[in-house]
Number of protein chains: 2
Amino acid sequence: MLQTALTRSAVTAWSPALNTPQSRKNPFDALDTQGMRVTVKRGQELYAEGDDAAYCYKLLTGSLRLVKLMSDGQRQICEFLISGDLLGFESQDEHYFSAEAVTDAVLMRYPRRNAERLINEDPTAARFMRSLTSSNLQGAYERMVLLCHKSAQERIAWFLLEMADRSKTGGGTCVELPMTRSDIADYLGMVIETVSRVLTQLRQKGVIAMKSVNSILLIDRDSLEDIASAA
Amino acid sequence: MLQTALTRSAVTAWSPALNTPQSRKNPFDALDTQGMRVTVKRGQELYAEGDDAAYCYKLLTGSLRLVKLMSDGQRQICEFLISGDLLGFESQDEHYFSAEAVTDAVLMRYPRRNAERLINEDPTAARFMRSLTSSNLQGAYERMVLLCHKSAQERIAWFLLEMADRSKTGGGTCVELPMTRSDIADYLGMVIETVSRVLTQLRQKGVIAMKSVNSILLIDRDSLEDIASAA
DNA sequence: GCACCACATTGATTTGGGTCAAGGCGCGGT
DNA sequence: ACCGCGCCTTGACCCAAATCAATGTGGTGC
């Protein structure tokens, strides 16, 4: 009976930073010639939940959030995407999330039927897509565990480490957080005040420091990891 | 900007009860001739997290739980499976969950490489598998919203309705809950006492009645739906 | 029948984090 | 420079659900 600690390997979408052997090259790069560039400004919506899924995208620069809205106006941020991530590859004809720009962003846009044709014709692309969806699913389950069993401190610690791991500047001790406190709260299932308080606590412990509001130094990564996986 | 109420359409695995046009027939039924029957007793483990994923399965009778264990001994039940559901079709070589029997269960077991061959050779099977994984992913996100934003009452109401919808006896007002309170708690991110208290509250309101501990009558389905999607 | 055991219920108490309310800080516009 | 606005931080208070602690119940084996 194997026990698993909560890992941060969650891949919200395929990311070039991840060099698992079979995914070193993204077979969907072949679509680039058929795509066109689009841009979205900070705060703008790329597409809304329920929109016709005519296109799918690759994020080139900037960052996005994938959002579900609830009838009472509450918001759940399901994923943050960073450059290199793919989105809109749902297998339904409607987008399941809204996609909104966290920062100004540039994307490559492909007609979805081209992507589908590629999936149907190229077994490598098909396998790639399966393993991508499967990674996303695993990431979602990790998050579920986080939301069910982890305290505010553990969530934030885990979030900082996840962001640090995903960012291009991999090993660096400085994490840039393009999103607001409110975005973080809606991603982790907390309120903005709690996010803020926990960051203050971590700062007072000397585990992190804040270069600026959106730029956080991981002073003591080991402690942060201890906090993230505390009993 | 479309707003979505939390739906209960979550499909944890493909279920024959769901008759979306393209999935009326499960293409993996073709594997039945290559499979063999296995049984697991209540409480027994079919496979553990991290086990070599040599086989995948179709649940014929009984019910299972898919579980992740945490380093501190906490448990997250990621899905409950009922007859007709598929499991173990991960695209990795190791099982991502443990699968345990909630009740005595009978399964059809297939060598995983046969399933993979089918996926690679039969585009229908491939599409089926993609839409299955995609449904699972959407179900996981629904659960995430539930865990982030819903009260104990809302969770239980939602759970009862989900169980009612999934069970074969579809429209019936009686839900059989094969799992214990502890299982329900670990599925919904609550503790067993709270599950018990909420069920008592719903009973006192006259929304449900309990034929026995594991058999619940939905007296007033409308109220239950109101509670499940309360603002 | 009775004892045992696992599971469920109920009650009393505590607490983490949500809510409400009041500033603070930084940045863009005029 | 100053103002205004969006975002962040901090403090005081409160409440839903967790924890701690019995007690109830139903099924199985002797």
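We name chains A, B, ... by the order of the sequence lines, and we start the count at 1 in each one.
Place A/Ser151 and B/Ser182 on DNA chain C by their nearest nucleotides, and B/Ser182 ends up nearer the 5' end.
Note that the two end axes of the helix from C/dG1-D/dC30 to C/dT30-D/dA1 enclose an angle of 30°, each drawn from 5 base pairs, rounded to 10 degrees.
Proximity note for A/Arg181 (side chain, C-beta onward) versus C/dA8, D/dT10, D/dC8: the nearest is D/dC8. Closest approach to the B/Met190 side chain among C/dT9, D/dA18, D/dC7 is made by D/dA18 (side chain taken as heavy atoms from C-beta onward).
Counting only residues at least two apart or on different chains, the salt bridge (Lys or Arg N to Asp or Glu O under 4.0 Å) pairs with a member in residues 183-192 of chain B are B/Arg65-B/Asp183, B/Arg75-B/Asp183, B/Arg75-B/Asp186. Within the structure, ring-ring contact (aromatic ring centres under 6.0 Å, His included) pairs that include any residue of residues 195-229 of chain B do not occur (at least two apart or interchain).
Rounding to whole angstrom units, CD of residue A/Gln153 and P of C/dG18 are separated by 13 Å. Distance B/Ile192 CD1 to D/dA18 P: 12 Å, rounded to the nearest Å. Atom CZ in B/Arg203 sits roughly 11 Å away from atom C1' in C/dT10 (whole-Å rounding). In this structure, the CE atom of B/Met210 is 9 Å from the C1' atom of C/dT9, given to the nearest Å. The CD-P distance, from A/Gln201 to D/dT10, rounds to 10 Å in whole Å.
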Margin query: Using a 4.0 Å heavy-atom cut-off to protein, can you give one letter per nucleotide of nucleotides 19-26 of chain C, 5' to 3': B if the base is in contact, S if only the sugar-phosphate is, - if neither?
Written below: BB------
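Under the side chain to side chain donor-acceptor pair (under 3.5 Å) criterion, A/Gln201 pairs with A/Gln153, sequence neighbours left out. When the side-chain contact (heavy atoms from CB on, under 4.5 Å) test is applied to B/Ser215, the partners found at least two apart in sequence or on another chain are B/Cys174, B/Glu176, B/Lys211, B/Ser212. B/Arg203 is linked by a side-chain contact (heavy atoms from CB on, under 4.5 Å) to B/Thr200, B/Ile208, B/Met210, counting only residues two or more places apart in sequence or in another chain. When the side-chain contact (heavy atoms from CB on, under 4.5 Å) test is applied to A/Ser134, the partners found at least two apart in sequence or on another chain are A/Gln138, B/Ser91, B/Gln92. Applying the side chain to side chain donor-acceptor pair (under 3.5 Å) test to B/Tyr110 and every residue at least two apart in sequence or in another chain returns B/Asp32.
Look at A/Arg42 and you'll find a side-chain N or O under 4.0 angstrom from OP1 or OP2 of D/dC7. Residue A/Thr200 places at least one side-chain N or O under 4.0 Å from the OP1 or OP2 atom of D/dT10.
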Item checked: Derivation of the salt bridge (Lys or Arg N to Asp or Glu O under 4.0 Å) call for B/Arg197 and B/Glu193 -> CA-CA 6 Å; B/Arg197 268 187 258 272; B/Glu193 293 95 328; 5.7 Å; no
